[in-house]
Amino acid sequence: MKHIFNKGTDSTDLTLLLLHGTGGSERDLLPLADVIDPDANVLSVLGNINENGMARFFKRLGPGVFDEDDLKFQTKELNSFLDKAAEDYGFDRKKVVAVGYSNGANIAGSLLFHYSDALAGAILHHPMVPLRGLDLPDLTGLPVFIGAGTNDPICPPEESTELENLLSEAGAEVTLHWENYGHQLTSTEVQAASEWFAAQKNRLD
Ligand code: MLT
């Protein structure tokens, strides 16, 4: 997968996996990594799907209606890519923390829904429930931050709460942060995510 890798300066060897929203690129979320942890490794990936010129991480059948077969396929592809990137760049595969927005948060959520060990933690900005009817793997103790909007037309508040419940039932330690806005990523949400990350960092080491 097309990507940017920036080696960090931190002995903890955490890697932030940046996953952009629909129509974004692997450059979009680089400023977030600087806010969340300027010392971590950064692996920022471009989605494999081209939807009328807009990059995404998996196909959709319509707005908010996912192509579930493709979502499953692309989730596996991304997980394999992480295995390979860890070998190529020499980072610790067990210390990858996803930072995703919208479509990128949805594939990060799908990684959590499919694998117990794909991610060490996740910051999900405006995620949806990626798939329903799955038995989730054991996510005991895995820290997850969900940033949600009370007026988000793409992900209504009930869906944010549903995702929180599904992940919590699988054992994840979920923090649900609300903003009184829509689907956009606000600076206060980024700040809340970075404070959450700072509080988790010792556990992620
Ligand atoms: C998706 O397709 O992943 C969601 O609808 C969010 C987005 O618009 O990208």
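All values derive from a computational prediction rather than experimental measurement. Heavy atoms only: backbone and side chains are in, while hydrogens, waters and symmetry mates are out. Indexing begins at 1, ligand by ligand and atom by atom, following the structure's order.
In this view, Ser116 and Pro137 satisfy the side-chain contact (heavy atoms from CB on, under 4.5 Å) rule, not counting sequence neighbours.
Aromatic pair Phe58/Phe66: ring centres closer than 6.0 Å.
Ordered by chain and residue number, the residues placing a heavy atom less than 4.0 Å from ligand 1 are Thr22, Arg56, Phe58, Arg60, Gly64, Phe66, Ser102, Asn103, Asn106, Met128, Ile154.
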Checklist entry - Are Arg93 and Asp83 close enough, and set up right, to give a salt bridge (charged side-chain N to carboxylate O under 4.0 Å, His left out), and what steps lead you there? => result CA-CA 7 Å; Arg93 176 68 186 88; Asp83 295 345; 2.8 Å; yes
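For Ser44 (side chain) and Arg27 (main-chain N/O), no donor-acceptor pair under 3.5 Å exists by modelled atom type. Between the side chain of Glu159 and the backbone N or O of Val129, at least one donor-acceptor pair lies under 3.5 Å. Within the 3.5 Å criterion, the main-chain N or O of Asp13 finds no donor-acceptor partner in the side chain of Asp10.
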